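The next block holds one structure in the form of structure tokens; read it before the comments.
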Amino acid sequence: MKDVMDERLLKPYNPKEHEDALYETWQKSGFFTPEKTGSEDGPRFSIVLPPPNVTGTLHIGHAAMLAIEDSIVRYKRMRGHKTLWVPGTDHAAIATQSRVEADIYKKEKKTRHDFEREVFLKQVETFAQESHDTIVNQIKKMGASVDWSREAFTLDEKRGRAVNTAFKKMYDDGLIYRGARIVNWDPKLQTTVSDDEIEWQEETAPFYYLTYGPFTIGTSRPETKFGDKYVVMHPDDARYAKYKDGQKIELEWINGPITATIVKDSAIDMTFGTGVMTITPWHDTTDFEIAERHDLDKEQIIDERGILLPVAGEFAGQHIKKARPLIVEKLKEKGLLEKVDEKYVHNIAINSRGGGVIEPQIKKQWFVAVDKEFTLPRSSIEGISSGATTTLKRLMRHVVESKQIQIIPDRFEKIYFNWINNLHDWCVSRQIWYGHRIPVWYKDSQIHAGETPKESGWTQDPDTLDTWFSSGLWTFSTLGWPDTENADFKMFHPTSLLETGYDIIFFWVARMILMSGYLLGDVPFKTVYLHGLVRDAKGRKMSKSLGNTINPLDMIEKYGADATRLSLLIGAPAGNDISLSEDKIRGYKHFANKIWNAARFVLSNTNSMSINAAPALSEIDARTLSEFETFTKEITADIEAYRLHLASEKLYHYFWHTFADVIIEQTKPRLKDDANGQDKISAQYTLLYIFTDCIIMLHPFAPFVTEAVWSVMPGTKNLLIAAPWPDTKPITS
RNA sequence: GGGCGGUUAGCUCAGUUGGUAGAGCGUUCGCUUGACGUGCGAAAGGCCACAGGUUCGAAUCCUGUAUCGCCCACCA
């Protein structure tokens with residue numbers, strides 16, 4: 001028997017001997033492209049790869065994402081769908097730039113302002129290119145069957161055209177406006193960041209009670225208080241009933257006597273402190289809103305680098321950090337400091353993109369208006385007809401509410417709605433250099449948006465766009481938009497599925513819904529599958545500082561891509577965080593070997609067998625095959641419902657503990673040379689039949705070992721990647 | 001302050017529509033069985049957080065409690 005076996009099968013399965021070559025074979029075969037899959041008028045399946053940031057390398061969370069998406073894509077392809085999976089990378093503007101800035105500062109003690117804009121950008125681009133190359137290699141190592149011929153980058157020329165087109169249209173519709181509003185300013189990176197990019201950290205800091213005329217006010221930031229000339233209290237607060245809104249009072253303040261104005265506003269929490277506060281509209285969001293409501297003056301106290309302005313009098317020119325104790329000292333000397341609570345706990349805002357402590361500032365920025373009405377000229381969205389008037393917020397809510405977009409697991413719909421209800425206008429301008437330059441030019445008091453003006457004298461806005469502006473267009477900018485006649489766009493949009501981590505539902509998923517709702521009058525995808533975070537074996541978040549990270553490339557090197565994929569799929573239902581240990585991955589390496597060894601047994605015992613026509617079956621085999629048919633349907637149903645964690649685990653369990661432990665063992669005596677001829681044939685047929693379909697069904701989850709087995713099976717001409725899924729075939733004759 | 005999720009074997013976690021509990025790793029004992037010692041056979045180990053309720057029947061549905069965690073908002 002052994003002389004006719006493929007000699008590769010005689011050794012244990014070694015992933016390294018097969019994986020790169022198989023990937024190469026797949027790629028050359030063309031099956032990664034829709035041109036080679038499905039049929040023109042048949043079902044289609046399209047999905048975009050959430051573009052990884054070009055900030056370095058892929059982590060295990062990316063590996064989980066690739067494993068899930070590739071399993072689904074391979075399944076759809078085998079089901080005969082015309083299948084497209086678009087790969088790409090994200091320039092991740094601020095994250096990438098701050099990473100490069102940090103590197104440069106470490107090496108040369110220089111900031112980006114020590115370089116010309118273009119010179120600095122060249123360095124960022126070089127770094128981005130290197131990251132890109134690493135990432136592409138990692139995606140391939142995972143076995144992801146993406147269509148490389150359609151690879152995109154959020155900052156390439158085509159995506160730039162999409163961004164400018166989108167911006168211009170929104171500007172013309174009045175949905176993008178420029179306004180002086182309070183924004184999250186990062187003094188370290190010298191840029192604004194969006195609300196979603198802020199992380200709150202608990203901090204214990206002194207809390208000062210200050211005498212402000214007849215009142216006592218509390219603050220943790222005395223350095224902002226110089227310009228405070230409005231004192232605010234709740235209109236229903238009986239303690240302060242004798243003071244009237246608009247009333248003026250004279251009082252002694254940090255740098256001398258001032259006139260303060262009483263303001264009554266219900267934003268005040270009567271139970272907090274004394275129920276009275278002064279406001280600093282330039283440097284606090286709540287204060288800004290109060291000032292807007294009452295049309296109060298706003299004065300800047302601190303500049304963009306954190307330096308006190310002339311309003312601070314003798315403290316002008318000092319950094320707020322250094323000035324604070326001095327200011328407190330002066331307040332004490334003047335008898336204005338009543339007491340200090342040293343153990344006051346509050347939250348401070350940090351720029352999560354590698355930046356510093358947020359200092360709110362009023363700045364002229366570009367915003368996307370989410371509550372402004374506009375007319376949607378063409379709509380494919382049910383419940384919103386062409387020509388209807390709506391707002392971005394209503395649009396975003398409607399498509400999910402009406403189930404035109406289904407979110408899996410559905411509990412995230414609530415989280416999504418909750419976010420929309422709290423949504424403010426989206427600040428899209430950033431004072432960084434790496435990214436899409438805002439397509440707006442100024443000349444005297446004129447403003448021009450869209451294309452570069454032909455005449456001279458125009459100056460382009462120096463800012464760039466929030467990186468999520470370009471990623472919001474991703475499902476259609478990758479398919480040729482703004483050319484709506486593009487074949488890919490017509491064939492594949494809206495996309496079938498969006499698969500991504502629940503942590504970017506707001507950043508990205510919501511923004512894609514916004515952008516395609518507005519620009520196309522359509523949904524960007526029909527289903528959203530959200531996966532969780534990959535945590536360590538103890539359920540802790542993986543981080544470099546904890547030293548508990550698992551590098552996917554190391555795991556592939558040690559245990560193979562199939563084992564790595566299975567460890568990230570099995571036991572990982574949608575929306576749940578998963579714990580991963582190296583032991584788990586090792587366990588699935590054993591499974592790959594088990595498949596390999598089973599192949600050796602099956603093939604050496606059924607060599608010339610064909611499963612195209614069933615022989616007369618013994619009773620036991622008919623029953624086994626019938627049970628297998630039920631199993632096949634169950635697996636198919638699980639995958640269709642995106643229960644990949646169940647489908648993969650059931651396949652694992654069936655293959656090992658039913659097929660290998662029971663069916664193979666039960667078959668052994670029946671395969672002996674002196675066994676009954678008819679029964680032997682029946683047993684051989686059953687073995688080969690179930691084995692073949694198991695290999696097919698395991699392929700989406702463990703593509704390498706299954707394709708390797710397939711290649712040594714007699715009678716398999718085509719690649720497994722393109723083999724038809726078994727659920728439609730008749731099982732018994 | 002608002003919302004969401006977890007609480008199941010020693011550890012980390014599955015359990016799709018309610019029908020007397022499963023995986024990986026770990027533990028114990030045995031096995032040169034002709035696919036596989038990356039294996040095979042066997043075993044130990046869980047009143048499915050707690051208390052009520054619905055039901056013929058609940059880990060699974062409802063109510064409450066405890067506890068851990070996450071998200072959002074952000075109070076000077």
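Throughout, a chain's letter reflects where its sequence line sits, starting with A, and its residues are numbered from 1. Worth saying up front: this structure is predicted, and the values here are computed from it rather than measured.
- A donor-acceptor contact closer than 3.5 angstrom links the side chains of A:Asp269 and A:Thr271.
- A:Ser220 comes within 4.0 angstrom of sugar-phosphate atoms only, judged by non-hydrogen atoms across all strands, and of no base.
- Regarding A:Glu413, its CD atom lies at a distance of 14 Å from the C1' atom of B:rC4, rounded to whole Å.
- The base-pairing partner of B:rC29, taking Watson-Crick or G-U wobble contacts with both distances under 3.5 Å, is B:rG41.
- Counting non-hydrogen atoms under 4.0 angstrom, A:Ile268 reaches a base of the nucleic acid.
- As rounded to whole Å, 12 Å separates atom C1' of B:rG2 from atom CD1 of A:Ile415.
- Rounded to whole angstrom, the span from the CG atom of A:Leu533 across to the C1' atom of B:rG6 amounts to 15 Å.
- Rounded to whole Å, the separation between the C1' atoms of B:rC68 and B:rG30 comes to 42 Å.
- Across all strands shown, B:rA23 pairs with B:rU12; the Watson-Crick or G-U wobble distances both stay below 3.5 Å.
- Inter-residue side-chain proximity for A:Phe701 and A:Tyr652 is flagged as unmet; no heavy-atom pair is nearer than 4.5 Å.
- Counting any heavy atom pair closer than 4.0 Å across all strands shown, A:Asp503 reaches no nucleic acid atom.
- Residue contacts shown for A:Asp583 are limited to sugar-phosphate atoms, with no base heavy atom under 4.0 Å away.
- Counting any heavy atom pair closer than 4.0 Å across all strands shown, A:Tyr652 reaches sugar-phosphate atoms only and no base atom.
- Remark: A:Lys668 is positioned above the aromatic ring of A:Phe601, its terminal NZ or CZ atom under 6.0 angstrom from the ring centre and at most 45 degrees off the axis.
- Using a 4.0 Å heavy-atom distance criterion, A:Lys594 is classed as a base contact.
- Using a cut-off of 4.0 Å between Lys/Arg side-chain N and Asp/Glu carboxylate O, A:Glu640 and A:Arg79 are scored as salt-bridged.
- In this structure, A:Trp200 reaches the bases: a heavy-atom distance under 4.0 Å links it to at least one base atom across the strands shown.
- For B:rG64, the paired nucleotide is B:rC50, the pair qualifying as Watson-Crick or G-U wobble because both relevant distances are below 3.5 Å.
- A:Lys650 comes within contact range of at least one nucleobase, with a heavy-atom separation under 4.0 Å.
- Nucleic acid contact class of A:Arg411 (heavy atoms, under 4.0 Å, all strands): sugar-phosphate only.
- Counting heavy atoms from C-beta outward, A:Val231 and A:Met277 have side chains that stay 4.5 Å or more apart.
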